[in-house]
Amino acid sequence: MEMRSDRIKKGLARAPHRALLKATGITDYEMDKPFIAVVNSWNEIIPGHIHLEKIGEAVKSGIRMAGGVPFEFSTIGICDGIAMNHEGMRYPMPSRELIADSIEIMVRAHAFDGMVLIPSCDKIVPGHLMAAGRLDLPTIVVTGGPMLPGFTGDCEKDLISVFEAVGESRDDDYIYNLENAACPGAGSCSGLFTANTMACMTEALGLSLPGCATAHAIDAKKIRIAKDSGRKIMELVEKKITARQIVTEKSFGNAVCLDMAIGGSTNTVLHLPAIAHDFDITLPLSRFDELSKVTPHLINLRPGGEHFMIDFDKAGGIYAIIERLQHSSGIDLDSITVTTRTLGENLNDSVIVNPETNRLVIATVGEPLHAEGGIAILYGTLAPNGSVVKQTAVNSAMMGHTGPAKVFESEEDAMEAIMDHRIVSGDVVVVRYEGPKGGPGMREMLSPTSAIAGMGLIESVALITDGRFSGGTRGPCIGHVSPEAAIGGAIALVRDGDTIEIDIPNRVLNLLVDSDELDVRKKAWKLPESKVSGVLARYQRMVGDASEGSVIT
């Protein structure tokens, strides 16, 4: 079988290349076998990644069992939770592109025949998937798996419990016990936040083996999936089935439908279009809303609901949702997956081993939790190019709201006002200059939204930003307002006391200010000075609009 790796190991002219490969311990016997990249984002600071070294070993075992030669290398990775609410949060979005670039560079330079990708958390999974689209090699993704929920005060807890406790003004002993219990070990945080949402998207796209997204980090099932993925990549290499043969426009439709049904993170509206871009596919913002309107919300996972990822796994995981949605026009069961079988064939092979749990945790299409999917795209005079809200995490009382703006030029300013109790019932908090260019880096706003929730204002205060929100955010929090303030979007023109209209069912976000007055403000507007350097300055120059995935061009 002719292989890409032959260009570094075959023929007289490649003797120097072979000499270098033999310096790593490669034998003549191994020279005739496919070379497989094992791309691991293991590190010692992200809980979702501290165990990936073991998953990498399992993947390599599977590759060797099937007759391949694995070569492991690493990428960087940032923990969004640790980076939250300080300068560090400017860096996760730029890291997505850097991760994709580093994988592309390593794999192209060393002529690998295929690759197994091992990411876990928020921007790291998208970075790996973007690289898969660019390289178009036989590819399988083994996401690291969720963390178990913590347990204290006689109930289950997670990271968001800790963030919200800050706003609740709990006593020190309560918070100390909570911080010791909320995150009990390895894995991506235990609710349906961005990391676990993106793992679900990966399986829905067809790039992970069935069950991978919800198999927990500490579960031996994850190691078995890793070994099976190592063996399966060899079949994909032999059959020359590449990432772009698996991931198509219909695959993205499957992912978006799945996203709507599970009520996933709003960050998917940034990441899926960026991934599609690297697969040479256009995934417009309007597609999310189109599919949301015809896809029911079927499972109530944290932060919007009471269930954790462990409950989702016990109920059957991704294929249990696909089983419910299989007759929906948005699901294409003929899409091929890394099993070399179609989504429908995988579904036929799946067995719900806990039928009572499945019934209790996952609603039916006939009696859904919500008639529409998790995400809504709002347009209007404040967001001509669109904005994003997780509508299934919004209390019914706040699905429509009109109130006065309280405007802040940064997340820090808004957080200070919230903690000083300057935000009152009915307010619409506006945080601007936090978009892709304005931030730069489009910081997540988990601290302000959690503080609002902790103070009991989640049913009476809205928050609007050109930045973005954590997958752990709940309530009437509208992000990705586009165009952003840094390029003179309408959000740059809002003043304290202006009336803002929010109508989620009708997809409306309006600034109720006369157009002539806005013209006057526009002429007087000046872009605030931005003092950034290094990678942030480069990112600020090159990043595109949030409505198109904040892609670097």
Side-chain angles (χ1 to χ4, degrees), residues 24-26 30 33-75 77 99 103 106-107 112-121 124-125 127-129 131-132 137-148 185-188 195-196 198-200 202-203 205-238 241 243 246 309-310 313 317-318 337-340 346 349:
T24 71
I26 294 298
E30 290 172 302
K33 298 179 179 295
F35 283 7
I36 307 299
V38 178
V39 186
N40 200 330
S41 290
W42 170 84
N43 62 53
E44 294 183 333
I45 194 166
I46 309 179
H49 288 66
I50 57 175
H51 64 302
L52 296 189
E53 192 174 24
K54 292 181 179 179
I55 291 180
E57 289 300 323
V59 167
K60 289 187 286 187
S61 294
I63 291 168
R64 293 187 183 107
M65 281 191 283
V69 182
F71 293 86
E72 188 171 10
F73 66 85
S74 295
T75 80
I99 290 165
I103 297 170
M106 284 290 289
V107 171
F112 286 107
D113 298 300
M115 57 186 185
V116 180
L117 305 174
I118 309 174
S120 195
C121 290
I124 304 164
V125 174
H128 282 242
L129 296 179
L137 293 175
T139 302
I140 292 182
V141 184
V142 183
T143 48
M147 181 189 294
L148 289 173
S188 46
N196 290 323
M198 288 311 303
C200 293
T202 304
E203 189 172 330
L205 285 169
L207 286 175
S208 290
L209 291 180
C212 185
T214 57
H216 276 51
I218 65 167
D219 194 336
K221 179 168 61 174
K222 181 64 74 176
I223 297 298
R224 295 195 296 270
I225 288 172
K227 288 181 180 179
D228 287 342
S229 296
R231 290 191 305 108
K232 184 59 70 171
I233 192 64
M234 297 304 297
E235 182 180 350
L236 296 182
V237 169
E238 181 182 356
I241 299 174
I246 292 169
M309 288 299 292
I310 189 67
D313 188 51
I318 298 303
T337 72
V338 291
T339 64
T340 72
N346 291 345
D349 290 343

> With side chains defined as the heavy atoms from C-beta onward, is the minimum distance between Met115 and Pro138 less than 4.5 Å?
Replying inline: no
> Quick one: does Glu203's side chain get under 4.5 Å of Val338's, heavy atoms only?
Replying inline: no
> Between the main-chain N or O of Ser74 and the side-chain N or O of Asn40, is there a donor-acceptor pair closer than 3.5 Å?
Replying inline: no
>> I'd like to know if the side chain of Lys222 reaches the main chain of Ala217, judged simply by a donor and an acceptor atom lying under 3.5 Å from each other, with no hydrogens or angles considered.
In response: no
Distance-only donor-acceptor pairs under 3.5 Å for side chains of residues 56-64, two or more places apart:
residue : atom : partner : partner atom : Å
Glu57   : OE2  : Lys60   : NZ           : 3.1
Lys60   : NZ   : Glu72   : OE1          : 2.7
Ser61   : OG   : Glu57   : O            : 3.0

With sequence neighbours left out, write down each residue that passes side-chain hydrogen bond (donor to acceptor under 3.5 Å, both in side chains) with [X], or none if nothing qualifies.
X      : result
Ser188 : Asn196
Thr214 : Asp313
His49  : none

> Is the number of heavy atoms from other residues, nucleotides or ligands within 6.0 Å of NZ (Lys54) greater than 12?
Replying inline: no
Which heavy atom in [X] sits nearest to a heavy atom in [Y], and how many Å separate them?
X      : Y      : result
Cys121 : Gly48  : SG-CA, 3.8 Å
Phe112 : Ile36  : CD2-C, 3.8 Å
Ile246 : Gly206 : CG2-O, 3.6 Å

Show which side-chain atoms of residues 229-238 pair as donor or acceptor with protein atoms under 3.5 Å away, not counting sequence neighbours.
residue : atom : partner : partner atom : Å
Ser229  : OG   : Ile225  : O            : 2.8
Arg231  : NH2  : Asp228  : OD1          : 3.0
Lys232  : NZ   : Glu235  : OE1          : 2.7
Lys232  : NZ   : Thr339  : O            : 3.4
Glu235  : OE2  : Lys239  : NZ           : 2.7
Glu235  : OE2  : Thr340  : OG1          : 3.4

> Who passes side-chain contact (heavy atoms from CB on, under 4.5 Å) against Ile310, sequence neighbours left out?
Replying inline: Leu148, Pro149, His216, Phe308, Lys314
> Partners of Ile50 by side-chain contact (heavy atoms from CB on, under 4.5 Å), sequence neighbours excluded?
Replying inline: Ala186
> What residues, two or more places apart in sequence or in another chain, satisfy salt bridge (charged side-chain N to carboxylate O under 4.0 Å, His left out) together with Glu30?
Replying inline: none
